[in-house]
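Report on the structure given below.
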2 protein chains.
Amino acid sequence: MATAIIKNRKQQIHHTAKNLFRERGYAATSMRHIAGELGIEAASLYSHIKSKEEILQLICFELAEQFLKSSEELQRKKLPAKELFKQAVTEHIRIITQNMDSSVVFLHEWRHLSEPFLSDFKLMRKRYENFYKNIIRAGEKEKSFKYQNENLTVFVIFSAMNGIYEWFTPKGKLQPEEIAEQMVEVFLNGILKN
Amino acid sequence: MATAIIKNRKQQIHHTAKNLFRERGYAATSMRHIAGELGIEAASLYSHIKSKEEILQLICFELAEQFLKSSEELQRKKLPAKELFKQAVTEHIRIITQNMDSSVVFLHEWRHLSEPFLSDFKLMRKRYENFYKNIIRAGEKEKSFKYQNENLTVFVIFSAMNGIYEWFTPKGKLQPEEIAEQMVEVFLNGILKN
DNA sequence: ATATTTGCCTAACGACCGTTAGTTAGGATG
DNA sequence: CATCCTAACTAACGGTCGTTAGGCAAATAT
């Protein structure tokens with residue numbers, strides 16, 4: 001239907017908030033900023049949302065659930081470590097590139113969550129980290145991966161993937177699939193020429 | 001001398017600010033927070049500093065200059081690409097781990113700088129990025145490095161190094177030198193066995 | 001046609017923001 | 001001893017913050 005693209009006010013607010021939270025940070029974005037972008041008064045936002053933090057919560061947990069959901073689906077596939085690794089990286093990068101604004105907020109603004117949301121969020125992140133730790137650990141057991149420190153290795157991979165927002169533009173030459181492919185290549189084989 | 005460790009008020013303020021800016025972010029840290037940590041009134045800070053942003057400027061540019069200085073020194077050594085790469089990564093990680101609070105502020109709070117400082121900062125960052133691009137480009141010409149996309153490769157390396165603050169603790173098992181060594185290993189050879 | 005709901009408005013609340021002005025106590029300097 | 005300097009203070013400024021209350025007109029439902 002033609003109206004599928006038209007967002008209702010609540011969605012518009014969340015969309016605008018994502019954008020501003022990414023651009024200026026959560027703390028430096030005021031309700032009046034968000035309202036201004038939509039051409040309404042700050043007080044009017046409260047007809048649609050409960051609070052500023054509620055918006056942040058939605059952004060953070062929506063993305064956290066996407067990451068966890070994709071990890072669970074991948075786990076069910078029972079793939080060999082190397083293949084699982086490739087698909088996991090590809091999925092992670094797909095989610096990030098498809099949700100650029102949310103991703104930046106997810107990565108850097110979660111600390112402004114209040115309890116108990118803050119603790120919940122940290123737990124979900126830990127679960128997702130463990131998913132990756134298990135992949136590379138399995139890879140080592142299968143004798144297909146080698147590394148010295150598990151934590152360092154996983155965080156190198158996470159940091160590289162999560163840093164994509166620093167340089168990725170949807171209109172650039174590199175598309176998500178290629179980014180994933182090339183990153184996997186670097187992670188697996190490095191940049192040294194035999 | 002015994003008093004070498006004792007900081008004057010201005011240094012104390014900068015030290016406290018670094019810590020709070022890292023912990024809560026620049027925008028969410030008030031002058032009253034900083035003052036409170038030091039047991040004085042917010043207005044008293046202005047006997048020592050000019051403005052809140054001046055503190056941010058000092059943090060950002062101090063670190064930017066450290067990075068650039070180290071890159072210039074390395075460039076003068078005229079090393080082969082692989083060796084230069086190793087030393088550059090090691091230096092970068094040394095600076096980050098020795099300035100954890102500043103590093104986080106440097107990486108994430110610079111956007112709150114006002115002009116012309118913002119533009120100056122971006123330029124310095126660009127210069128430093130080019131230093132790394134030149135390394136891997138030289139490595140390719142020397143036929144010691146291989147990669148598909150220069151930008152992606154450099155940003156993978158940067159992101160991994162700059163993400164160290166997420167997990168590094170000075171009291172942990174991994175020390176900066178070992179981190180550098182192991183990261184270089186991943187960058188150069190990857191985690192795939194044979 | 002009437003009643004209800006929706007989505008906005010204005011006005012305002014108390015709190016906190018960065019910063020300035022003016023002052024004062026105490027120590028250092030002449 | 002007189003003077004200057006340092007580092008703090010109190011008080012206050014104009015603004016902005018997130019949020020609430022109450023009202024009103026248009027759209028929707030009955």
Side-chain angles (χ1 to χ4, degrees), chain A residues 1-3 5-60 105 108-118, chain B residues 1 3 5-60 105 109-118:
Chain A
M1 58 178 107
T3 57
I5 207 176
I6 295 173
K7 291 177 176 175
N8 65 29
R9 235 356 174 199
K10 192 168 186 173
Q11 289 172 315
Q12 283 179 30
I13 292 169
H14 279 104
H15 180 82
T16 305
K18 278 175 197 171
N19 202 253
L20 288 175
F21 288 174
R22 179 202 175 160
E23 223 77 22
R24 330 171 104 259
Y26 176 77
T29 301
S30 72
M31 299 306 276
R32 286 165 180 86
H33 280 134
I34 300 171
E37 289 278 310
L38 295 166
I40 60 175
E41 293 297 316
S44 307
L45 295 170
Y46 289 82
S47 300
H48 307 277
I49 56 141
K50 273 173 62 186
S51 67
K52 187 186 180 188
E53 202 195 302
E54 190 203 40
I55 304 177
L56 181 63
Q57 286 163 15
L58 207 111
I59 297 173
C60 290
V105 177
H108 296 304
E109 308 297 333
W110 56 266
R111 59 179 160 174
H112 295 107
L113 291 169
S114 61
E115 294 293 356
F117 306 100
L118 184 60
Chain B
M1 58 177 104
T3 57
I5 207 175
I6 295 174
K7 291 177 176 177
N8 66 27
R9 236 356 175 194
K10 192 167 187 173
Q11 289 172 315
Q12 282 179 32
I13 292 169
H14 279 105
H15 180 82
T16 305
K18 278 175 198 171
N19 202 254
L20 288 176
F21 287 175
R22 178 201 176 162
E23 222 77 22
R24 330 173 102 259
Y26 176 76
T29 301
S30 72
M31 299 305 276
R32 286 165 179 86
H33 279 133
I34 300 171
E37 288 279 311
L38 296 165
I40 61 175
E41 293 297 317
S44 308
L45 295 171
Y46 290 83
S47 301
H48 307 277
I49 56 143
K50 273 173 62 185
S51 67
K52 187 186 179 188
E53 203 197 301
E54 190 203 41
I55 304 177
L56 181 63
Q57 287 163 16
L58 208 111
I59 297 173
C60 290
V105 177
E109 307 297 333
W110 56 267
R111 60 177 160 176
H112 294 108
L113 291 169
S114 62
E115 293 294 356
F117 306 100
L118 185 60

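Chain identifiers are assigned alphabetically (A, B, ...) following the order of the sequence lines, protein sequences preceding nucleic acid strands; residue numbering begins at 1 within each chain. Here the structure is a predicted model, which is why all the values come from computation and not from measurement.
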Calculate the interatomic distance between [X] atom [atom1] and [N] atom [atom2]; express it in whole Å.
X     : N      : atom1 : atom2 : value
A:I13 : D:dT19 : CD1   : P     : 13 Å
A:N8  : C:dC8  : CG    : P     : 11 Å
A:I40 : C:dT10 : CD1   : P     : 12 Å
B:E41 : C:dC16 : CD    : P     : 14 Å

Indicate yes or no: at least one non-hydrogen side-chain atom of [X] is less than 4.5 angstrom from one of [Y].
X     : Y     : answer
B:R24 : B:H33 : yes
B:E37 : B:I34 : no
A:K52 : A:L45 : no

Closest non-hydrogen atom pair between B:A27 and A:A27, with its separation = CB-CB, 3.9 Å
Minimum-distance pair of heavy atoms, taken over all atoms of B:I49 and B:H14 = CG2-CE1, 4.3 Å
Taking B:E53 for its side chain and B:S114 for its backbone only, find out whether a donor-acceptor pair lies under 3.5 Å.
-> yes
Check: A:E109 side chain, A:Y26 main-chain N or O, donor-acceptor pair, under 3.5 Å | yes
Nucleic acid contacts of residues 42-54 of chain A, taken as heavy-atom distances under 4.0 Å to DNA chain C = A:A43, A:S44, A:S47, A:H48
Neighbour count above 12 (heavy atom, 6.0 Å) for A:H15 NE2 | no
Does any residue of residues 21-34 of chain B have a heavy atom under 4.0 Å from DNA chain D, and if so, which ones, in number order?
-> B:R32
